[in-house]
Amino acid sequence: MKIDQLIYEAALKALNELYQFSPSKNQIQINNTRKDLSGDITLVVFPFVSVSKKSPEKTAEELGVFIKNEVEYIESFNVIKGFLNFEINNEYWLVNLKEAYEKSDYGTVPAGDNSKLVMIEYSSPNTNKPLHLGHIRNNLLGYSIAEIAKSNGNKVVKTNIVNDRGIHICKSMYAWLMWGNGKTPQNSGMKGDHLVGEFYVEFDKHYKEEIAKLVENGATKEEAEENAPSMLAARELLLKWEAKDAETVELWKTMNEWVYEGFDKTYKMLGVDFDKIYYESETYLIGKEEVLRGVSEGIFYQLEDNSVWADLTEEGLDKKLLLRKDGTSVYMTQDIGTAKMRYNDFSIDKMVYVVGNEQNYHFQVLAVLLDKLGFGWGKDLFHFSYGMVELPSGKMKSREGTVVDADDLIDDMIQVARDMSAELGKLESLTEEEAESTFRMIALGALKYFILKVDPRKNMMFNPHESIDFNGNTGPFIQYTYARIKSVLRKAEENNIKIINQLNNVVLSEKEKELLKNITLFPGIVKEAGDSYSPAIIANYCYDLVKEYNQFYHDHSILSEPDSDQKNFRLILSSTIAKIVKKGMNLLGIEMPERM
RNA sequence: GCCUCGGUAGCUCAGUUGGAUAGAGCAACUGCCUUCUAAGCAGUAGGUCAUGGGUUCGAAUCCCGUCCGGGGUACCA
């Protein structure tokens, strides 16, 4: 059992017997002791002075004597003001180290028959342009919380809803028809998503020119936007598509295929994947049916112009449009359809949507609407909301071309890893193939760690130059320390030094005890699958652990120590730290190179 | 206007259910390659935790006000 739990129970008993007091759970505060004071675990006694009717020091003293008697792992205690500091004996930390060293699934809970099924939606791209930095944050967060949910004993289905229909793709289609000259990924060598994105930009260029011309001839801005020839043509394509016009559907399919091929490459490079992909073109009609059912059951209402609305003023929200006056569906309608389809396909216990925080209101409304429509799971949906990625130059706006393209960014990072490595003379003993694979791991480690280490809820600043830094609190620093530990273990093996799975006569330094303590604090298990902090907590934990290890062991040569229990202990400690760090980083989707 | 999220070192970020003297990295400066791999280590300097009140033994953390910023706010997704 964990030491804080043991102390908690002893404290409960002590308060009961000494002061006839039964505290509530959060009245007993057990923390780690400040690093510069002696002791390991601290019980805060201020909340009990009113029941002990004694000074904080005296109360702490009495509780200390009692609790020390109860818990065998307590070596001693000291009192500073109202803080009761316990020193835990070495045996406890070593028992924990042994467990962490031996157990292959240390820090995780395997899924079993009673596991909950968690569906996690992430990525959810539009098919009219390539992925950019904002999508990268989404994909990394989605993949990471899926991994964390898995390691917490859940069954996980990763899903992606592809926004494959609508006016945006029609714009690219129209531009390709007009100015494409038959250009394809095959004949141009371009990645499919980039090619389609190019025509989306092309459309916008012509559209803006047409608006300018119309305004010059006396139209208002609104009229011009409505009546520009390009826009009219795109709308017509959308109508044709909805009417299942063969030629239009064929073009739509072809261009979407180009995009999917491109996306697949990017997903693969990022190391993310999906168990089930939904397409909006297959779900929006279901949503429409559900909304119309709502109208007939009196849950929603229809105006004279035929538009359909939900009145959510009782829930403290506004009125929400569900179908336009021309009967076409909106974003919300589609999400209702997608939700229904998913729950038909899987017995989902918990639904998590990884979507940006600009849609907080959308998901608040979606939860209420699903509930009103009689879906029991509606109000329990979890919106994993994350902040925007900002650039030093300002906001990313795809139409203004101020986006950081995902593929370009990854390529750049790999090139920097390559250059750095050559400069430092690293990886020269590896084959070219092995080295390339390592560069990829380092580059993606840097990118992923940079994004995941910050609290997902906050907007983050992405400075391309700083992100490529491999020093300090970065992925490569953690990978580097890992690789060094691996190197020690390899050398130990080469020199025929066997690690004995026993820990006797070990003398612990303060630093080593600190490391042991941290091993027991691995945060890989969280209470909620959708815990919005967890990737960042794990990232910062790995950094702290590795930094402490580096600081201590930099000046201590393990291998040149004489064979002894102490050497054996240090090898076990190093090996365990490597194992835990690897596990933590893998939960972030970061691979760990054996050498670098 | 209303709703909502945020403001911590020059910059990027940590900071556990309220706990003891607020922590890292980057940038700047100073040392260290005979060490397990210098993608490293050690050190110096850098703070009115936006601001004013409140709650209490104790507040960066909880409550209220103000200022600044992001996002949303009925026919974009």
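In what follows, every chain begins at residue 1, and chains take the letters A, B, ... in the order their sequences are listed. Source: prediction; values computed, not measured.
Whole-Å rounding puts the A:Q364 CD to B:rU4 P distance at 9 Å. One atom, CD of A:E548, and another, P of B:rC41, lie 12 Å apart when rounded to the nearest Å. The nearest whole Å value for the distance from the NE2 atom in A:H554 to the P atom in B:rU35 is 11 Å. Following rounding to the nearest Å, A:F462 (CZ) and B:rC13 (P) show an atom-to-atom distance of 11 Å. Atom OH of A:Y482 and atom C1' of B:rU37 are 15 Å apart (whole Å). Between the OH atom of A:Y549 and the P atom of B:rC41 there is a distance of 13 Å, given to the nearest Å. A:I451 places its CD1 atom 14 Å from the C1' atom of B:rC13, with the value rounded to the nearest Å. Residue A:K511 contributes atom NZ, which lies 12 Å from atom C1' of B:rC41 at whole-angstrom precision.
Taking a cutoff of 4.0 Å between a charged side-chain nitrogen and a carboxylate oxygen, A:K54 and A:E61 do not qualify as a salt bridge.
Here the shortest heavy-atom pairing between A:V354 and A:G142 reads CG2-CA, 4.0 Å.
Sparse packing is recorded around CD of A:E493, with 12 or fewer heavy atoms of other residues, nucleotides or ligands lying under 6.0 Å away. Atom CD of A:E510 is surrounded by 12 or fewer heavy atoms from other residues, nucleotides or ligands within 6.0 Å.
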Just by protein heavy atoms under 4.0 Å, how would nucleotides 14-27 of chain B read 5' to 3' in B, S and -?
-> S--B-BBB--SSS-
Its contact letters, B for base, S for sugar-phosphate only and - for none at protein heavy atoms under 4.0 Å, make nucleotides 69-77 of chain B read -SSSSBBSB
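Comparing B:rA50 with B:rA60, their C1' atoms are spaced 12 Å from each other, to the whole Å. Spacing of C1' atoms, B:rA28 relative to B:rG10, comes out at 10 Å, to the nearest Å. Here, B:rG40 and B:rG25 have their P atoms 11 Å apart, quoted to the whole Å. As rounded to the nearest Å, B:rG52 and B:rA59 have P atoms that lie 15 Å from one another. Taking the P atoms as reference points, B:rU66 lies 24 Å from B:rG72, given to the whole Å. Rounded to whole Å, the separation between the C1' atoms of B:rG15 and B:rA77 comes to 37 Å. To the nearest whole angstrom, the two P atoms, one in B:rC5 and one in B:rA9, are 23 Å apart. Between the C1' atoms of B:rC33 and B:rA38, the separation comes to 6 Å (whole Å).
Backbone-only contact: A:M460 has heavy atoms under 4.0 Å from sugar-phosphate atoms and none from a base. A:A483 comes within 4.0 angstrom of a base, heavy atoms only.
Judged purely by distance below 3.5 Å, without hydrogens or angles, the side chains of A:Y553 and A:E512 pair a donor atom with an acceptor atom. No donor-acceptor contact under 3.5 angstrom links the side chains of A:Y353 and A:D335, judged on distance only. Side chains of A:N128 and A:S172: a donor-acceptor N/O pair is absent below 3.5 angstrom, by distance only.
Seen from the ring of A:Y279, A:R165 does not count as a face-on cation partner, given the 6.0 Å and 45° thresholds. In this structure, A:K511 fails the cation-pi test against A:F552, since its NZ or CZ atom is not both closer than 6.0 Å to the six-membered ring centre and inside 45 degrees of the ring normal.
Place A:M420 and A:I485 on RNA chain B by their nearest nucleotides, and A:I485 ends up nearer the 5' end.
Distances shown here put a side-chain N or O of A:K491 below 4.0 Å from the OP1 or OP2 atom of B:rU37.
Contacts of A:E390 classified as side-chain contact (heavy atoms from CB on, under 4.5 Å), with partners at least two apart in sequence or in another chain: A:M388, A:K395, A:N459, A:M461. Residues meeting the side chain to side chain donor-acceptor pair (under 3.5 Å) test with A:S575, sequence neighbours left out: none. Among residues two or more places apart in sequence or in another chain, the side-chain contact (heavy atoms from CB on, under 4.5 Å) test is passed with A:N360 by A:N357, A:H383, A:S385.
Remark: RNA chain B forms stems of 3 or more consecutive Watson-Crick or G-U wobble pairs, all pair distances under 3.5 Å, at B:1-7 with B:67-73, B:10-13 with B:23-26, B:28-32 with B:40-44, B:50-54 with B:62-66.
The closest side-chain heavy-atom distance from A:Q415 to A:M420 is not below 4.5 Å.
Using a 90° window around 0 for the glycosidic torsion, B:rC33 falls inside it and is classed as syn.
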